[in-house]
Amino acid sequence: MKERYSLLTRDLDWEPSYVPREKLYPFTSYEGIKVHDWDGWEDPFRLTVDAYYKYQAEKDKRLYAVLDGFAQSQGHLTLSDASYLNAIKLFIQGVTPLEYAAHRHFAYLARYLEGPAPRFAALCQSVDELRHCQTQIHTISNYNKYYSGFHSWSKMHDRVWYLSVPKSLFDDAMSAGPFEFLISISFSFEYLLTNLLFVPFMSGASFNGDMPTMSFGFSAQSDESRHMTLGLEAIKFLLEQDEDNVPIIQDWIDKWFWRAYRMSALVAAMMDYMLPRPVMSWKEAFELYFEDQMLGGLFPDLEFYGIKPPRHVQQAIAEKDRLSHEVYKILHNFSFAAAFTTSTPTQDHMRWLSEQYPETFDRYYRPVWEKHERIEAAGGRAFVMGLPQLCQVCQIPMAFTEADDPSRISYRRSQFRAETFHTCSDGCQWIFEREPEKYVQAWLPVHQIYQGNCGGPTVPDVLAWYGIQEGDNGEFKGSRDALAWTAWHAEGTTGSSNGVAKEV
Amino acid sequence: MAVKALYDYDFPSADRAELFGDDQLVYVHWDGNPFFCSAAAFRVPRTMPFGTFVSDVVGPWAASDPDFDPATVGGWRLFDDEIHASPHASLADLGVGHKGLLHFSTVPAA
């Protein structure tokens with residue numbers, strides 16, 4: 001097997017004879033990274049293509065059996081509640097297109113990395129990412145038959161305001177050099193933070209009766225652990241190749257930890273507010289998967305190479321008691337313009353939040369939710385009529401507070417070529433000021449609307465351009481999904497439950 | 001530190017003032033009211049009188065909070081500095097430039 005592996009991977013390489021090496025691999029030196037020996041790469045997964053396909057085909061068979069069973073037994077009616085699916089809408093709109101983007105860029109690395117072993121690793125990951133994109137589309141499309149918000153997700157990813165958060169992160173990574181991409185996606189995103197995304201999402205799915213999502217999650221998770229191993233191997237390889245690489249890598253860790261962490265704020269809101277049956281709080285997940293495993297386990301190992309924990313990590317720790325609350329408030333303020341619905345948390349849910357966040361919830365957030373409760377009891381529903389100010393780097397509305405004061409919004413501002421740029425935190429400001437030429441081009445949805453580039457000046461114009469249809473957005477209570485859900489469950493008592501949302 | 005690239009990396013800002021003609025972007029934050037997740041962004045003429053800006057632009061947005069009372073609005077700041085604006089002075093006269101951030105607070109009526 002070892003020999004076969006070597007024949008099918010490393011031995012497929014050759015020395016160029018009629019073009020110079022720099023012409024064949026034009027992208028591997030301009031970032032300043034020095035690689036002396038590409039064969040020093042330890043292959044993190046010793047797989048051959050035929051073994052890889054056999055293994056993945058078996059996983060796919062199991063996944064599609066679960067999907068068929070769920071569809072045939074009207075499994076969507078056994079979810080905890082239709083409101084749960086708002087988290088899955090965020091997933092297909094926000095995460096699935098990133099899988100496709102990752103597929104594209106790893107395919108590019110599979111051509112342009114100079115060593116045959118890293119090229120093969122990138123090829124496997126490229127195929128994995130494409131498979132993840134496909135399995136997610138297949139899994140989630142079942143819900144599209146019955147529920148709103150799932151129909152135009154790839155168009156929405158390119159256009160809708162909150163989806164510019166994940167999109168801009170990947171656009172940033174894909175427009176960097178190959179080594180920065182490896183540190184951004186393979187290491188900072190997949191190694192440092194992917195557990196925070198996949199584990200809670202999939203446990204949330206399981207707790208709320210969504211077996212198909214849980215199954216694609218498990219199927220993907222076994223690949224994710226391979227991707228994490230690739231991230232770790234990539235960073236160790238680069239650090240071992242040359243001491244001059246260390247400060248470059250540190251800079252990338254500092255940048256990409258913060259960018260990926262900011263994007264994961266959407267997961268924080270999902271975990272704490274969008275699951276009818278919550279699994280664990282964002283704070284608990286952050287402590288376990290990031291503080292214990294990464295800061296406590298990984299970074300002491302990396303210290304050997306001269307690598308320090310990410311700059312601004314203390315701000316992330318300081319925010320763990322408030323991140324989800326601040327982000328869900330954004331979604332709740334503006335869900336009239338989103339492709340999902342939101343609701344004010346119930347009193348039961350608030351009790352859970354209060355237990356999970358004894359230092360902050362009752363003091364800073366409960367009063368606002370109780371005000372929404374009073375407005376709704378009087379027959380209203382408060383949305384914020386206007387457009388939010390956005391951070392130039394992470395593109396999230398400027399809703400985050402100062403590390404030492406949860407009652408004060410954190411404003412940072414920079415001047416570049418006589419223009420003012422606003423950022424939400426020390427982390428985003430540092431990223432902006434490091435490469436302002438890159439971020440001045442940011443496609444900020446709010447400013448694009450005001451420039452007339454998003455379908456027109458009114459809310460209905462913009463929603464139509466986003467591809468949002470009636471029923472996708474606004475308040476969950478009384479929404480098309482909520483009414484259909486109630487009607488189907490009433491029908492269920494008489495034996496018929498094969499409803500279609502459009503009929504309600 | 002400049003962007004590391006294989007070519008001369010020089011692109012204009014996507015939101016530079018010239019793209020907005022006689023208008024500009026202005027941000028407004030209601031200090032101390034957590035009902036609003038963040039400050040709001042508006043596109044307004046540079047020549048708009050401050051009084052009109054407050055009544056016709058800020059007011060409808062602030063009224064998203066049903067407890068908003070226009071009579072209580074005050075304590076205006078441009079970034080970190082207090083401003084005492086005449087309602088007739090234009091935004092440009094007050095030094096509120098493209099992407100300027102204004103803050104206000106509300107004092108409940110006694």
Side-chain angles (χ1 to χ4, degrees), chain A residues 26-27 30-32 176-177 180 251 326-327 329-334 364-365 367-368 371-372 375 378 380 382-390 392 396-400 407-409 411 413 416-417 419-422 424 433-438 440-444 446-451, chain B residues 1-21 23-44 56-68 77-80 95-103 105:
Chain A
F27 304 124
Y30 77 92
E31 294 170 280
E180 183 174 346
D251 230 33
E326 292 171 353
V327 172
K329 204 155 65 178
I330 302 171
L331 304 180
H332 191 269
N333 271 187
F334 294 109
Y364 297 106
Y365 311 111
V368 174
K371 180 166 171 169
H372 279 287
I375 295 166
F383 293 111
V384 167
M385 289 303 147
L387 305 176
Q389 180 192 18
L390 303 178
Q392 188 76 25
I396 300 176
M398 299 266 292
F400 300 106
S407 66
R408 210 153 40 87
I409 298 277
Y411 289 108
R413 129 175 91 114
F416 182 66
R417 295 180 192 148
E419 188 174 343
T420 305
F421 295 91
H422 298 262
C424 69
E433 292 187 345
R434 200 178 147 265
E435 296 176 308
E437 302 88 347
K438 192 163 195 179
V440 295
Q441 302 173 68
W443 193 92
L444 296 183
V446 167
H447 297 175
Q448 291 299 318
I449 290 171
Y450 280 137
Q451 285 184 44
Chain B
M1 186 182 114
V3 174
K4 280 187 185 163
L6 283 164
Y7 48 87
D8 185 19
Y9 196 98
D10 185 17
F11 300 95
S13 144
D15 301 310
R16 57 197 185 279
E18 69 195 62
L19 297 175
F20 292 85
D23 294 347
Q24 62 182 11
L25 295 171
V26 177
Y27 305 115
V28 179
H29 178 54
W30 183 344
D31 278 346
N33 186 352
F35 189 81
F36 295 88
C37 65
S38 70
F42 301 106
R43 176 180 176 150
V44 285
D56 294 8
V57 177
V58 178
W61 165 74
S64 303
D65 179 349
D67 295 337
F68 174 64
R77 287 187 297 133
L78 173 59
F79 294 109
D80 301 321
V96 181
H98 184 51
K99 296 196 258 176
L101 171 63
L102 286 161
H103 299 257
S105 49

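Note on naming: letters A, B, ... go to the chains in the order of the sequence lines (proteins, then strands), and numbering restarts at 1 for each one.
Of the two parts of B:Phe36, the backbone and the side chain both hold a non-hydrogen atom closer than 4.5 Å to a non-hydrogen atom of chain A. Contact of B:Leu25 with chain A is made through the side chain alone, with heavy-atom distances under 4.5 Å. Contacts between A:Val446 and chain B at a heavy-atom distance below 4.5 Å involve the side chain alone, from C-beta outward. For a residue to count as touching a neighbouring chain, one of its non-hydrogen atoms must lie under 4.5 Å from one of that chain's; by this rule A:Ser407 does not touch chain B. Interface residue A:Tyr30: backbone and side-chain heavy atoms are both found under 4.5 Å from chain B. Residue A:His332: no heavy atom, backbone or side chain, is found under 4.5 Å from chain B. In this structure, chain A has heavy atoms under 4.5 Å from both the backbone and the side chain of B:Phe11. With a 4.5 angstrom heavy-atom cutoff, A:Pro26 touches chain B only via backbone atoms. If you measure heavy-atom distances from A:Tyr365 to chain B, you find no contacts under 4.5 Å at all.
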- Task: Could you walk me through whether B:Ser13 and A:Phe416 pass the side-chain contact (heavy atoms from CB on, under 4.5 Å) test, one step at a time?
- Result: CA-CA 10 Å; B:Ser13 144; A:Phe416 182 66; over 6 Å; no
- Task: Could you check B:Asp65 against A:Lys371 for side-chain contact (heavy atoms from CB on, under 4.5 Å), going step by step and ending with a plain yes or no?
- Result: CA-CA 10 Å; B:Asp65 179 349; A:Lys371 180 166 171 169; 2.7 Å; yes
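Judged by distance alone, the side chain of A:Gln451 and the main-chain N or O of B:Ala14 form a donor-acceptor pair under 3.5 Å. Side chain of B:Ser64 to backbone of A:Met385: a donor-acceptor contact under 3.5 angstrom is found. Counting only distance, with no hydrogens or angles, the side chain of A:Asn333 and the backbone of B:Cys37 share a donor-acceptor pair below 3.5 Å. No donor-acceptor distance shorter than 3.5 angstrom exists from the side chain of B:Lys4 to the backbone of A:Gly177, with no hydrogens or angles considered.
The structure places OH of B:Tyr9 at 8.0 Å from CD of A:Glu437, a figure rounded to the nearest 0.5 Å. Remark: A:Leu387 CG to B:Ser38 OG distance equals 10.0 Å, nearest 0.5 Å.
Using a 4.5 Å heavy-atom cutoff, the side chains of B:Pro66 and A:Ile375 are in contact. Counting heavy atoms from C-beta outward, B:Phe79 and A:Arg413 have side chains that approach closer than 4.5 Å. A:Phe421 has its side chain within reach of B:Lys99: a pair of non-hydrogen atoms, C-beta onward, lies under 4.5 Å apart.
Residues passing the ring pair (Phe, Tyr, Trp, His ring centres under 6.0 Å) test with A:Tyr411, sequence neighbours excluded: B:His29, B:His103.
Under 4.0 Å is where a charged nitrogen must lie from a carboxylate oxygen, and between A:Glu419 and B:Arg16 no such pair does. With respect to A:Arg408 and B:Asp31, no salt bridge is recorded, no charged nitrogen being found less than 4.0 Å from a carboxylate O.
With chain B as partner, the option from A:Arg417, A:Glu180, A:Glu326 having the largest number of non-hydrogen pairs under 4.5 angstrom is A:Arg417. Residue with the most contacts toward chain B among A:Glu31, A:His422, A:Gln448, A:Met398: A:His422 (heavy-atom pairs, distance under 4.5 Å). Note: B:Ala41 leads B:Gly32, B:Ala41, B:Ala40 in heavy-atom pairs under 4.5 Å with chain A. The candidate from B:Leu19, B:Leu6, B:Asp23 with the greatest count of non-hydrogen atom pairs under 4.5 Å with chain A is B:Leu6.
Residues B:Phe42 and A:Tyr450 approach most closely at CA-OH, 3.5 Å, considering heavy atoms.
Taking the six-membered ring where tryptophan is involved, the planes of A:His372 and B:Phe35 are essentially parallel, since the angle between them stays under 30° and well short of 60°.
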